[in-house]
Amino acid sequence: METTILNYRIIIEKEKQRKGYVYVAQVPTLGISDFGKTIDEASTNVKKAIQLYIETLIDLKKSIPAPDSDDYFVTSNKIEVNLPVGSFAY
């Protein structure tokens, strides 16, 4: 068997819950996600989920989704606008 490196994009977002916050790690290409109390924990947990998912596909003799390219960049920008009070529900 040949070892192959697969690269899948992971997006981690902070999510508010009743007892505080968790970090949710999503893998859009595979349609899977996991979470953790920290970014590192969420990343580690979703890496294990990816491994299990790919190994399960191999065991079931199903096709493995193509890895994501490295040609991808995600950013965000903060803008200032004057909004009426109560525009967002926090």
Side-chain angles (χ1 to χ4, degrees):
M1 218 181 264
E2 181 180 323
T3 299
T4 302
I5 304 294
L6 301 174
N7 180 46
Y8 293 104
R9 190 171 303 114
I10 299 169
I11 299 169
I12 300 177
E13 295 181 293
K14 189 175 184 179
E15 189 175 289
K16 186 174 183 179
Q17 297 194 331
R18 278 187 249 161
K19 295 184 178 184
Y21 290 91
V22 296
Y23 292 90
V24 178
Q26 300 176 25
V27 187
T29 301
L30 302 179
I32 62 173
S33 65
D34 209 323
F35 69 97
K37 293 179 182 177
T38 65
I39 292 171
D40 286 340
E41 185 178 326
S43 181
T44 298
N45 290 345
V46 82
K47 184 177 179 180
K48 291 176 187 174
I50 292 168
Q51 185 80 34
L52 179 61
Y53 184 74
I54 298 298
E55 289 172 356
T56 300
L57 291 175
I58 292 167
D59 289 346
L60 296 173
K61 295 181 178 29
K62 298 214 174 195
S63 61
I64 298 168
D68 294 324
S69 73
D70 289 333
D71 300 332
Y72 196 83
F73 182 71
V74 176
T75 188
S76 66
N77 285 301
K78 295 180 181 177
I79 59 168
E80 291 185 31
V81 293
N82 294 318
L83 294 176
V85 175
S87 296
F88 294 105
Y90 287 100

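- Between atom CD of residue E15 and atom OH of residue Y23 there is a gap of 12.0 Å, rounded to the nearest 0.5 Å.
- A continuous path of hydrophobic side-chain contacts links I10 to I32 [ILVMFWY only; heavy atoms under 4.5 Å].
- One hydrophobic cluster holds both Y8 and L57 under the rule that ILVMFWY side chains link at heavy-atom gaps under 4.5 Å.
- Residue F35 places its CZ atom among 12 or fewer non-hydrogen atoms of other residues, nucleotides or ligands, all under 6.0 Å distant.
- Between atom CG of residue L30 and atom CG of residue L6 there is a gap of 9.0 Å, rounded to the nearest 0.5 Å.
- Of all heavy-atom pairs spanning N7 and S69, the tightest one is ND2-O, 4.2 Å.
- Under the 4.5 Å side-chain heavy-atom criterion for grouping Ile, Leu, Val, Met, Phe, Trp and Tyr, I12 is connected to V27 within one hydrophobic cluster.
- A continuous path of ILVMFWY side-chain contacts below 4.5 Å connects I39 to V46, so both sit in one hydrophobic cluster.
- Interatomic distance, NZ of K14 versus OG1 of T38, reported as 12.0 Å (0.5 Å rounding).
- A chain of hydrophobic side-chain contacts below 4.5 Å, direct or via other Ile, Leu, Val, Met, Phe, Trp or Tyr residues, connects Y53 to I58.
- How far CZ of R9 is from CG of D70: 9.0 Å, rounded to the nearest 0.5 Å.
- Here the side chains of P28 and D68 are not in contact, with every heavy-atom distance at 4.5 Å or above.
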